[in-house]
Structures are given as structure tokens and as C-alpha cells.
Protein chains: 2
Amino acid sequence: MPAIKKTTYKDHVVEHVYQSLLDGRCHPGEQLKEGLIAAELGISRAPVREALKELTARGIVVYRPQVGCFLAQPSPQEIGDAYTARGLIEGYALMTTRHLFSSADLSRLHLLVEEMGQAAQRGDRKEVVEVGDTFHTMLVGKAINSQLAEYLERLRLKLHVLFCRYWPELYTPEEIAERHRRIVVSLQSGDARLIEETVRSHYSESGGKIAVLALTVRERHAA
Amino acid sequence: MPAIKKTTYKDHVVEHVYQSLLDGRCHPGEQLKEGLIAAELGISRAPVREALKELTARGIVVYRPQVGCFLAQPSPQEIGDAYTARGLIEGYALMTTRHLFSSADLSRLHLLVEEMGQAAQRGDRKEVVEVGDTFHTMLVGKAINSQLAEYLERLRLKLHVLFCRYWPELYTPEEIAERHRRIVVSLQSGDARLIEETVRSHYSESGGKIAVLALTVRERHAA
DNA sequence: AAATTGTCTATTGTCGACAATCGACAATAA
DNA sequence: TTATTGTCGATTGTCGACAATAGACAATTT
């Protein structure tokens with residue numbers, strides 16, 4: 001891994017658009033006009049096009065030929081599907097790597113769960129998301145299947161924006177911690193089926209809730 | 001769905017490169033030079049770049065910043081992983097949609113298996129691949145999860161090129177038919193676990209064999 | 001001789017301009 | 001009124017040219 005990362009304008013644009021979405025400066029469904037973004041950043045349209053291509057590949061934006069790029073506005077159905085997919089794959093990944101976790105790893109995971117709960121109680125949203133990321137990264141980090149790992153990362157990025165938008169309305173601090181604790185406990189049990197089932201329900205539950213929330217938001221928007 | 005598909009130069013290039021790979025005019029690891037391809041097709045580099053971006057997203061080519069694009073040369077490990085991933089997802093998809101298959105569907109599937117076996121016996125490789133595609137499309141066509149369906153399609157395209165290259169060396173005509181018949185039989189049983197397991201082993205078996213074959217080819221090439 | 005440095009070439013990264021296409025609106029006809 | 005057609009502006013698709021960079025090879029130094 002190189003110490004310095006080589007960066008191009010394209011990478012800058014990708015980050016710019018993604019952050020705009022996270023920060024609420026852009027909204028799902030909105031059209032991303034190449035010329036406009038290029039002007040904003042003081043560059044030409046070429047790297048902007050490259051960046052939009054990449055974001056399209058990531059599923060963050062959708063692309064209509066001869067019309068343009070739009071920020072993805074996943075339907076409740078699609079949101080649910082994406083969470084289900086993540087549950088399926090992450091469950092499988094964790095199941096297949098369950099015996100690679102040392103007791104030190106498990107302690108670390110329990111610690112992260114506590115931190116998460118405390119951060120949630122403090123109302124420190126950013127910290128909750130950050131610790132949550134660390135937690136899931138640790139869980140999946142041992143995954144041996146490169147293809148599934150890659151797809152999982154794509155799903156993570158795609159769902160991240162949804163999660164950041166909605167999670168504070170979904171769970172109490174206690175629930176946040178408890179939900180993640182269940183995963184660690186299942187992992188400790190070493191029971192293959194229990195692990196898969198726990199992870200799947202972890203995500204299908206979140207997915208269902210967020211889908212409903214997205215639906216109400218969409219209806220509100222339509223009115 | 002529009003009756004006529006709107007096509008751009010980019011789409012043409014994507015198809016050109018993909019076919020070149022299937023037809024053996026290009027080989028894994030080879031660098032794809034934008035200028036060269038543009039000259040070959042009599043167009044400018046811009047649409048070629050777009051096409052290479054898309055192929056990169058599909059995993060057909062790998063991209064090194066400031067250096068260029070190369071036809072993917074998946075390691076045996078990666079090949080095995082891709083097949084495992086496909087087995088996991090396709091097994092799940094078939095398992096969740098098992099009750100959507102009518103007896104007419106099942107008859108059709110059995111018929112396809114027979115056609116496949118006969119084509120294999122005639123040595124009609126193209127027909128075997130075509131029937132095989134129809135078969136798998138029918139199996140997964142009822143999939144309800146949009147995200148998994150999308151990823152499955154990507155995996156299919158990615159593995160297609162490997163499969164076309166190696167399958168005649170892997171199985172006898174009898175085996176070809178028998179392997180697929182097992183899937184239909186498991187589907188008829190309606191047993192969720194059996195279906196998942198059958199599909200998973202179907203792919204992990206192929207994956208393992210192709211990975212080994214790719215390894216020997218690679219060694220031969222290195223010598 | 002081996003390692004380092006400098007130069008050169010091929011290839012990608014970026015640019016601004018032009019052409020092609022889409023969507024919206026107005027004008028027209030039934 | 002309603003449906004069809006024509007025009008127009010905005011946006012993407014494509015182009016050729018230039019700048020920047022990586023990799024190869026030669027020159028230089030130790």
C-alpha cells in the first residue's frame with residue numbers, strides 16, 4: 001500500500017458529490033449537471049464525467065442516456081432489498097470466519113458495543129456512526145472471499161448515506177447497543193446457523209424500518 | 001421498456017472489447033490502450049474512456065491510475081471466490097422463489113437440460129452455452145431482490161468469459177446434463193436447504209475446477 | 001559492476017468547443 | 001378541449017489538442 005495516495009480531479013469530484021449528499025446539500029432525485037459541478041470546482045467537464053461514471057457504478061447515482069445523472073432515489077423496495085442483500089452476505093461472511101475470532105477480538109467487539117451505546121446516549125451522532133463502522137469493519141475484516149468483500153463494501157457505501165439520514169429516528173441508545181451486542185453474542189456461541197440468522201435479522205430489521213421511513217418522507221415530499 | 005435501444009459509441013466499444021475477449025483476440029493481462037482502440041474503431045478517445053470505465057465497473061478490466069486499463073487476469077483464488085459468491089446468491093435466490101415455479105416451469109427446465117445434453121453430445125459448444133444461459137435465466141428470473149439480481153448479472157458476465165474459455169475441458173456431455181438436472185430435481189423437492197446446497201455445490205465445483213485449470217494455463221504461460 | 005540520476009517516449013489526464021439529443025412549451029388541427 | 005406537431009433551450013455525447021505522468025533506457029557516479 002503506497003504511503004501517499006495519488007489523487008486526480010476525478011477523485012476530488014467523487015468525494016465532493018458524496019459529501020454533498022451526506023451533508024444534505026444535495027437531495028435524492030436531484031439532477032447532477034456536469035457543467036454546473038465543473039464550474040463550481042473550477043475544472044472542466046471531463047473529470048466530472050469520470051466521477052459521475054464511478055458514482056453510477058457504485059449505485060449512488062443513476063444515469064439516463066442522453067439525459068444525465070441523478071442522485072439515486074431508491075424505492076422502499078430497493079432499500080429493503082439492499083439491506084437483505086447485506087444481511088445475506090455479511091451473515092455468510094461472518095459464519096465462514098467465525099472460528100478466526102480470538103477472545104481478544106471478542107473483547108474488543110464488546111468494548112466497541114459499549115462505546116457505541118455511550119456515544120448514542122450522549123447524542124454524539126458522528127461518534128456512533130464512526131464506532132459502528134469500526135465494529136462492522138472488524139466483523140467483516142477477516143472475510144476470505146474477495147468478491148463478496150468487494151460487493152459488501154459497495155453495499156456499505158450505498159447504505160451509509162441512507163443510514164446517516166435516518167438512524168437517529170429509528171433506535172434508542174439502548175437499542176443501538178443491544179442490537180449489536182446480539183451479533184457478538186451469536187459469534188461467541190460459534191453456532192453457524194445462529195450467526196447467519198442474527199446478522200440477517202439485524203439488517204432486515206433496519207432495512208424494513210428505514211424503508212418505511214423513506215416512504216413517509218417521500219410522501220411528505222410529494223405533497 | 002423501449003422497443004428500440006438507443007446506442008452510443010461507448011456501448012459499441014464495450015461490446016467490441018468484450019467480444020474480443022470472448023473470441024480470443026485479446027488476452028487477460030493485456031493492456032487496453034485508449035488511443036489504439038479509438039483508432040481501430042475510427043472514433044475519438046472520449047467514448048473509449050467511457051467504455052473502459054464501464055468495463056472496469058463490471059470487473060472485466062482493472063484500472064491503474066496514470067498507467068491505464070488492463071484486461072482482468074483473475075487469480076485462481078479470485079475465480080473460486082467469484083463462483084462461491086454466485087453459488088451463495090443464486091442458491092438464496094432460488095430458495096426464496098422455489099414456490100413460484102409451476103409444473104410447466106419445471107417441465108420446461110427439464111426440457112432445457114435434455115437439449116443441453118444433446119447439444120453437448122453433438123459438440124455444439126455455442127448451443128450449449130446458449131441453452132445454459134436460458135436455463136440459468138429461468139432459474140433466477142423470478143428473483144424478487146433487485147439488488148441481488150443486479151449483482152448476479154454482473155457475476156454472470158464476469159464468469160461467462162472464463163466459462164466459455166474452459167468448460168469443454170471440464171465436463172463430459174453426460175456430466176453437463178446431470179449437473180443441471182440435479183438442480184431441477186432439488187427445486188422439485190421444494191426443500192429449502194437442499195436447493196441452496198445443490199446450487200452452492202454446483203458452482204463451487206465448477207469454480208474449483210476452473211481455478212485449477214486457470215492455474216495450469218497461467219504456469220504454462222509463464223514458462 | 002551496481003546503484004543512482006537524468007532524459008525521452010508513450011500513454012493517460014484534462015481542456016474547451018462543437019454536434020446530437022432530450023424535454024418543455026407553443027402552435028396547430030381535430 | 002385534446003392530441004399532434006414544430007421549435008427552442010438546456011444538457012449530454014463526441015471531438016482533437018495539449019499537459020502531466022509513469023516506465024524504460026542511457027548517462028553518470030561511487
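First the proteins, then the strands, lettered A, B, ... as listed; each starts at 1.
Between A/His202 and A/His180, the ring planes are perpendicular. Angles over 60° get that label, and only those under 30° would be called parallel.
Under the 3.5 Å distance criterion, with hydrogens and angles disregarded, a donor-acceptor pair is assigned to the side chains of B/Ser102 and B/Asp105. Between the side chains of B/Tyr171 and B/Ser206, at least one donor N or O sits under 3.5 Å from an acceptor N or O.
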(request) Encode nucleotides 11-17 of chain C as B, S and - characters from 5' to 3', where the letter depends on protein heavy atoms closer than 4.0 Å: B to the base, S only to sugar-phosphate, - to neither. (result) SBBBBSB

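With respect to B/Glu54 and B/Arg58, a salt bridge is recorded, a charged nitrogen being found less than 4.0 Å from a carboxylate O. Ion pair B/Arg156/B/Glu153 flagged as a salt bridge, since at least one NZ, NE, NH1 or NH2 atom sits closer than 4.0 Å to an Asp/Glu carboxylate oxygen.
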